[in-house]
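Please read the structure below before turning to the comments.
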Amino acid sequence: GAVVSQHPSRVICKSGTSVKIECRSLDFQATTMFWYRQFPKQSLMLMATSNEGSKATYEQGVEKDKFLINHASLTLSTLTVTSAHPEDSSFYICSAADSRGSNEQFFGPGTRLTVL
Amino acid sequence: GENVEQHPSTLSVQEGDSAVIKCTYSDSASNYFPWYKQELGKRPQLIIDIRSNVGEKKDQRIAVTLNKTAKHFSLHITETQPEDSAVYFCAASIGQAGTALIFGKGTTLSVSS
């Protein structure tokens, strides 16, 4: 199957700083990628849909000025958590669908963010 | 928008027994329904999926059924093994396959030997 990578896998930062997470499709092009957040022992919650070359679409309750998404190429989407606070600590996972194939979504390995 | 309900939240079975997890969805436009297995700290792994033009799909010990009219879909695991123990999530596409997924709250399956 197609491969999606994420970097970094784990990050610890101080409150008030910004953190950038990268999501890459390694062997296919993805015009659309998705960002999810997962708190401990909870489900994956869709945060936003990242569209190559245009603005991201955010789900209700997700602040677009706090979670900046950039999808500058067909293989890379970035999520920047700005002015991070302890309540932003979570597991962030991206996914992408390979439109050439079955439309199955392929998930990145996730990024564990801890804000002190 | 789409809403996915999943039951039960926890399920304990003996090795060799069957396990069934059920989900319902609200958006009749959804046409793709994957099931994922997630181990602690790892990404979700697709175990089986079904599209709305199919009523049932089977892959060895795992099967999924879909009732579009009732907006129900279920995961069936037969001959469970201890390594099946994990959290399982159902999901439904927001509209067409290839779009974002809305996940159920998850089922923690424990298989004891």
Side-chain angles (χ1 to χ4, degrees), chain A residues 1-7 9-10 21 23 25 28-51 56-62 69 77 90-114, chain B residues 1-10 21 23-27 29-54 57 59 64 86-110:
Chain A
V3 179
V4 174
S5 70
Q6 244 179 280
H7 179 81
S9 57
R10 191 179 295 268
I21 302 169
C23 177
S25 56
F28 67 100
Q29 294 183 332
T31 55
T32 305
M33 292 183 176
F34 308 99
W35 288 96
Y36 298 85
R37 179 169 54 183
Q38 186 176 31
F39 292 110
K41 297 188 179 181
Q42 293 189 24
S43 186
L44 284 80
M45 297 295 293
L46 178 67
M47 298 177 67
T49 300
S50 172
N51 303 297
T57 305
Y58 291 82
E59 294 302 299
Q60 193 171 11
V62 178
I69 291 173
S77 174
S90 188
F91 193 48
Y92 292 86
I93 310 177
C94 68
S95 74
D98 185 354
S99 58
R100 300 166 304 167
S102 65
N103 281 325
E104 173 187 343
Q105 288 209 16
F106 299 94
F107 285 86
T111 297
R112 173 75 57 194
L113 170 63
T114 302
Chain B
E2 177 68 280
N3 183 50
V4 177
E5 299 282 340
Q6 182 172 347
H7 298 280
S9 56
T10 59
I21 303 171
C23 287
T24 61
Y25 62 99
S26 60
D27 188 354
S30 295
N31 69 355
Y32 176 62
F33 307 93
W35 285 89
Y36 294 92
K37 178 182 181 183
Q38 188 181 31
E39 297 177 357
L40 194 62
K42 303 288 178 105
R43 77 185 89 191
Q45 285 189 302
L46 179 71
I47 56 171
I48 198 166
D49 58 12
I50 193 166
R51 294 174 194 276
S52 58
N53 58 348
V54 175
K57 183 176 177 181
D59 182 3
V64 56
V87 180
Y88 291 81
F89 292 99
C90 64
S93 62
I94 300 177
Q96 300 290 314
T99 60
L101 299 173
I102 299 299
F103 284 79
K105 290 193 185 302
T107 297
T108 301
L109 174 64
S110 300

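In what follows, every heavy atom counts, from backbone to side chain, and hydrogens, waters and symmetry copies are set aside. In what follows, chains carry the letters A, B, and so on, assigned in the order in which the sequence lines appear, proteins first and then strands, with residues in each chain numbered from 1.
B:Phe103 pairs by the ring-ring contact (aromatic ring centres under 6.0 Å, His included) definition with A:Tyr36, B:Tyr36, not counting sequence neighbours. By the ring-ring contact (aromatic ring centres under 6.0 Å, His included) test, B:Phe33 pairs with B:Tyr25, B:Phe73, sequence neighbours left out.
Minimum interatomic distance between B:Ser30 and B:Ala92 (heavy atoms only, all atoms of both residues): OG-CB, 4.2 Å.
Note that NZ of B:Lys57 and CD1 of B:Ile48 are 6.0 Å apart. Values are rounded to the nearest 0.5 Å. With rounding to the nearest 0.5 Å, the separation of SG in A:Cys23 from OH in A:Tyr92 is 15.0 Å. Remark: B:Ile21 CD1 to B:Thr107 OG1 distance equals 4.0 Å, nearest 0.5 Å. For the atom pair A:Cys94 SG and A:Gln105 CD, the distance stands at 10.5 Å (nearest 0.5 Å).
For B:Leu40, no part sits under 4.5 Å from any heavy atom of chain A, backbone or side chain. For chain B, the nearby part of A:Phe91 is the side chain; its heavy atoms alone come within less than 4.5 Å. Interface remark: B:Pro44 contributes backbone and side-chain atoms alike to the contact with chain A (heavy atom separation under 4.5 Å). Looking at A:Gln60, neither its backbone nor its side chain comes within 4.5 Å of chain B, counting heavy atoms on both sides.
Ranked by heavy-atom pairs shorter than 4.5 Å toward chain A, the options B:Val87, B:Ile102, B:Leu101, B:Thr108 are led by B:Leu101. Among A:Pro109, A:Ser95, A:Gly110, the residue making the largest number of heavy-atom pairs under 4.5 Å with chain B is A:Pro109.
Near-neighbour residues of residues 2-9 of chain B relative to chain A, defined by a heavy atom under 4.5 Å from a heavy atom of that chain, are none.
A donor atom on one side chain and an acceptor atom on the other are not found under 3.5 Å apart for B:Glu39 and B:Gln45.
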Which atom pairs, one a donor and one an acceptor, fall under 3.5 Å between side chains of residues 43-50 of chain A and the rest of the protein, sequence neighbours left out?
from	atom 1	to	atom 2	distance (Å)
A:Ser43	OG	B:Gly104	O	2.5
A:Ser50	OG	A:His71	ND1	2.7
A:Ser50	OG	A:Ser77	OG	2.9

